[in-house]
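To start, the structure itself, in structure tokens.
Because the structure is a prediction, the values reported are computed rather than measured. By convention in this document, chain letters (A, B, ...) are assigned in the order of the sequence lines, proteins followed by strands, and residues within each chain are numbered from 1.
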Amino acid sequence: MSKLVLLDGNSVAFRMFFALPLLSNDQGVYTNAVYGFTKVLLKVLEEEQPTHMAVAFDAGKTTFRHDTYEAYKSGREKTPDELSEQLPLLRDVLDAFGVQRFELENYEADDIIGTLAKEAEGEGFQVKVFSGDKDLLQLVSKQTSVAFTQKGISDVHTYDVTAFHEAYGLEPAQLVDLKGLMGDSSDNIPGVPGIGEKTALKMLKAHGDVEGVLSSIEQISGKKTKERLQEHQDQARMSRDLAVIRTDVPLTEGVEATAYDSWNYEKVVELFQNLGFQSLLKELEKEAGIEHKLDDIEVALQKTFTEEMTASPAALVVETPDENYHHSPVWGITVSNENGTFVMELEDALASDRFKQWAGDESKEKVVFDAKQTTVALGWQGVHLQGVRFDALIASYLIDPSASAHDLAAIAERQHGDSVLHDEDVYGKGAKQQKPGVDELAQHIGRKGEALLKLQPVLLEALKANNQIDLFESLEMPLSLILGRMETYGVQVDEKQLQMMGEELNETLTKLEQEIHELAGEAFNINSPKQLGPILFEKLELPVLKKTKTGYSTSADILEKLQDEHEIIPKLLHYRQVSKLKSTYVDGLLKVVHPSTGKIHTMFNQAITQTGRLSSAEPNLQNIPIRLEEGRKIRKAFIPSQNDWMILAADYSQIELRVLAHMSQDERLIEAFREDMDIHTKTAMDVFQVQPEEVTDQMRRSAKAVNFGIVYGISDYGLSQSLGISRNEAQSFIDTYFATYPSVKAYMDEQIENAREQGYVTTLMHRRRYLPEITSKNFNRRSFAERTAMNTPIQGSAADVIKKAMVDVEQALIDEGLESRLLLQVHDELIFEIPPHELDAMKRLVPRVMEGTIELDVPLQADVAYGDTWYDAK
DNA sequence: CGAAACACGC
DNA sequence: GACGTACGTGTTTCGA
């Protein structure tokens with residue numbers, strides 16, 4: 001059967017413009033709307049497989065609708081220049097794809113679509129319309145369905161007759177009558193004042209259409225409604241007419257001209273190159289099965305580690321194909337220096353004393369990508385690596401943490417075109433990963449070594465230009481070695497303890513499961529929100545407070561509001577909590593215990609967060625439960641690795657707010673910290689203007705939430721959610737806070753100003769975060785960038801401080817000849833294991849070093865706790 | 001295999 | 001007038 005796909009060009013481009021960040025290509029032309037439009041087009045062509053296709057555009061400013069109603073679509077904001085300059089490009093896109101386009105003076109795109117759809121229907125076509133707004137829904141019929149993009153590119157809602165009935169309870173043709181009565185503010189269609197969607201729907205269900213309603217005014221209930229209908233009869237008729245999509249537009253060509261065959265590969269490639277659509281080009285190549293070939297480089301496959309390989313500096317690659325370098329095999333080693341590029345099998349390298357000596361020689365300079373991975377991977381092979389001077393991963397991350405893919409291939413591509421293939425393209429991914437033949441492997445990892453050597457001076461220059469040499473050399477590089485040691489050393493886990501807890505949790509789960517099924521009256525999978533939703537909100541008829549895009553929301557904050565509605569709720573909440581503990585923390589941790597040592601070796605990612613914080617993965621040891629006692633018990637399973645040793649934890653008190661006090665120079669905040677006051681109580685006193693003894697729990701809770709918001713850059717909405725208050729109240733809290741601490745306000749404004757002027761904000765130690773969206777026309781994007789501008793210097797500087805403390809603590813341990821070991825970092829907290837005889841020394845040393853690592857205008861404070869397990873270090 | 005929903009920490 | 005709202009990691013379910 002023939003299938004015609006019709007796309008509303010302006011409205012899709014408009015949606016995409018606001019949905020996507022303001023991208024521009026290398027000539028400075030904005031391309032986000034074109035990009036989004038192209039994505040939609042590609043998707044439509046692939047998924048719909050149309051035999052016929054056309055895109056309609058609005059032409060000119062005025063249409064026949066303005067003849068009947070001058071104010072049609074008035075009051076709309078002018079199309080931003082950034083968008084209108086993209087519209088001509090859409091035509092190039094369509095031409096390259098060989099898609100017919102239509103536009104006609106005096107008519108809107110909607111009318112062209114209506115006309116083509118009608119004609120196609122007459123010829124027995126199946127028709128599908130794509131648009132960014134709902135006006136076109138009136139075209140829905142047996143043969144025609146209408147899809148509109150909600151937000152983003154992938155979120156598309158399709159309406160056929162059935163779906164339309166379900167959504168509106170009307171016939172598609174009645175949509176115009178609906179608009180006739182209720183109007184449409186976006187098109188400035190007046191409708192009947194005072195009549196909204198509810199009333200209009202009710203009347204239409206009873207009387208069919210606008211005429212039907214008007215001729216039975218007497219039967220309409222409600223005096224006001226009656227009066228309004230009487231008074232605005234003509235306006236209702238006119239509004240209805242305005243909403244009607246024409247199906248008789250005098251097009252010069254009809255459906256036969258929209259026949260679609262396929263697109264021309266060369267033309268599309270050229271177009272994408274001009275527009276700078278790298279990712280789309282890649283997709284094209286993949287689909288066309290075009291393999292990315294690079295010219296072979298000269299690589300020497302070595303059996304022995306020769307003298308010429310020891311030249312300094314050298315790039316070193318230790319190829320670990322699995323993401324987890326603690327367990328990954330090593331597929332090969334590259335050394336690249338002035339004498340050439342050399343690749344060795346691991347076994348051959350390990351058999352070479354000269355290699356081990358070279359690796360351990362501090363004076364032999366090594367350039368690597370991911371110093372921690374390289375050092376740790378060699379460490380597991382019994383090779384002690386020293387002399388690592390430059391880590392391209394960390395350099396790239398410091399230069400711009402947002403540069404999404406910090407993999408060598410991507411960095412090399414950015415700096416000097418593609419010279420390294422992506423691991424995925426060489427090895428395959430997931431279950432399909434495979435070790436290639438020696439020659440292919442040698443080429444691949446040889447290229448990595450060469451790229452590294454070339455990259456190093458370029459990245460170094462960029463670091464210099466950013467004033468980040470000190471940050472790089474004195475903070476992040478030393479830190480990466482420390483993190484590597486922490487990871488390799490690992491944390492001891494009491495497996496028996498975990499297993500016991502697992503059994504207890506299982507019993508609780510079985511019991512709760514039974515009770516929940518009983519209360520629900522049927523058995524179902526409690527872990528499935530999709531099954532749980534209907535049970536709660538249909539079967540048990542609990543009030544629906546929030547929906548997700550796929551169904552009912554059953555998240556904890558919603559369930560908490562339903563606590564008293566049904567006794568199943570508390571049990572559900574408990575079930576969720578216990579099930580999380582069991583799966584993530586008991587089973588999850590047991591799964592990653594190293595079989596021979598009984599230890600857990602996490603990986604700290606030093607190059608991922610946008611603020612400069614670390615993250616931890618496989619397992620994540622930065623989110624072990626603490627808030628609720630039941631979960632906190634998990635910490636009993638984290639124990640010292642040697643008999644009689646202890647766990648010692650030291651955490652900074654309010655480090656972010658102290659950093660804020662220092663950077664903003666706010667006198668009240670500085671004073672509060674100098675006098676060591678409880679900061680939330682102090683904030684409550686200042687904001688509510690009360691004496692210390694008048695601060696209620698509620699006041700302190702509110703103040704704490706506001707401080708939390710300051711630290712994490714949450715919005716008025718976020719604050720309102722966490723306090724369970726309205727958005728307005730939340731906003732007025734924030735306003736009062738800023739009025740109370742004017743220097744903080746000034747500081748925040750200054751950060752936003754910085755971001756606007758330089759494009760980025762910085763931390764105490766020159767860490768950087770770019771915020772291009774600070775100038776976005778999209779309110780959300782701009783607001784988010786503004787909050788980020790305020791928050792990143794605070795959170796990022798706090799991250800700087802604790803990172804420096806880690807470097808200092810490690811040095812102090814060496815200087816003092818202590819055996820205590822740093823195990824973990826949890827953002828504002830350091831965790832050690834210590835021999836008992838070092839307890840007194842560590843109790844003094846750790847806070848002293850942490851507090852003294854940097855001098856601010858407020859004192860830093862670190863509190864120490866210790867015990868036999870992590871649980872007891874409280 | 002990837003997306004969505006949910007939950008844990010800071 | 002609506003937008004969709006700290007980050008990062010991990011588990012489970014579910015549909016392609």
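Residue-environment remark: CZ (A:F14) stays at or below the threshold of 12 foreign heavy atoms within 6.0 Å.
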For this session: Assess whether ring-ring contact (aromatic ring centres under 6.0 Å, His included) is satisfied between A:F708 and A:Y712, documenting all intermediate values.
Result: CA-CA 6 Å; A:F708 179 88; A:Y712 289 113; 4.7 Å; yes
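In this structure, the nucleotide among B:dA7, B:dC8, C:dT11 sitting nearest to the side chain of A:S555 is B:dA7. Listed nucleotides: C:dC14, C:dC3, C:dT13. Nearest to the side chain of A:N780: C:dC3. When distances run from any side-chain atom of A:K530 to the nucleotides C:dC14, C:dA6, B:dA7, the shortest one goes to C:dC14. Proximity note for A:F708 (side chain, C-beta onward) versus B:dA7, C:dA6, C:dG8: the nearest is C:dA6.
Judged by the 6.0 Å distance and 45° axis criteria, A:R727 is not positioned over the aromatic ring of A:Y717.
Looking at A:S715, its side chain comes within 3.5 Å of the base of C:dT5 through a donor and an acceptor atom. For C:dG4, the base has a donor-acceptor partner in the side chain of A:R727 [N/O atoms by modelled type, under 3.5 angstrom].
Taking atom C1' in both C:dG1 and B:dA7, one finds a spacing of 33 Å when rounded to whole Å. Across B:dC8 and C:dA6, the matching C1' atoms stand 15 Å from one another, rounded to whole Å.
Counting only Watson-Crick and G-U wobble pairs whose two key distances fall under 3.5 Å, DNA chain C forms stems of three or more stacked pairs at B:1-9 with C:7-15.
Within residues 612-633 of chain A, the residues that have a heavy atom under 4.0 Å from DNA chain B are, in order of number, A:R613, A:Q622, A:N623, A:I624, A:P625, A:I626, A:R627.
OP1 or OP2 of B:dC6 sits under 4.0 Å from a side-chain N or O of A:T554.
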Please report, to 0.1 Å, the donor-acceptor pairs under 3.5 Å made by any side chain of residues 783-791 of chain A, with sequence neighbours excluded.
from: A:S783; atom 1: OG; to: A:F779; atom 2: O; distance (Å): 2.6
from: A:E786; atom 1: OE2; to: A:R756; atom 2: NH2; distance (Å): 3.4
from: A:R787; atom 1: NE; to: A:G713; atom 2: O; distance (Å): 2.9
from: A:T788; atom 1: OG1; to: A:F784; atom 2: O; distance (Å): 2.6
from: A:N791; atom 1: ND2; to: A:V711; atom 2: O; distance (Å): 2.3

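Between the side chain of A:E487 and the backbone N or O of A:F604, at least one donor-acceptor pair lies under 3.5 Å.
Salt-bridge annotation for A:E48 and A:K43: absent, with no side-chain N of the basic residue lying under 4.0 Å from a carboxylate O of the acidic one.
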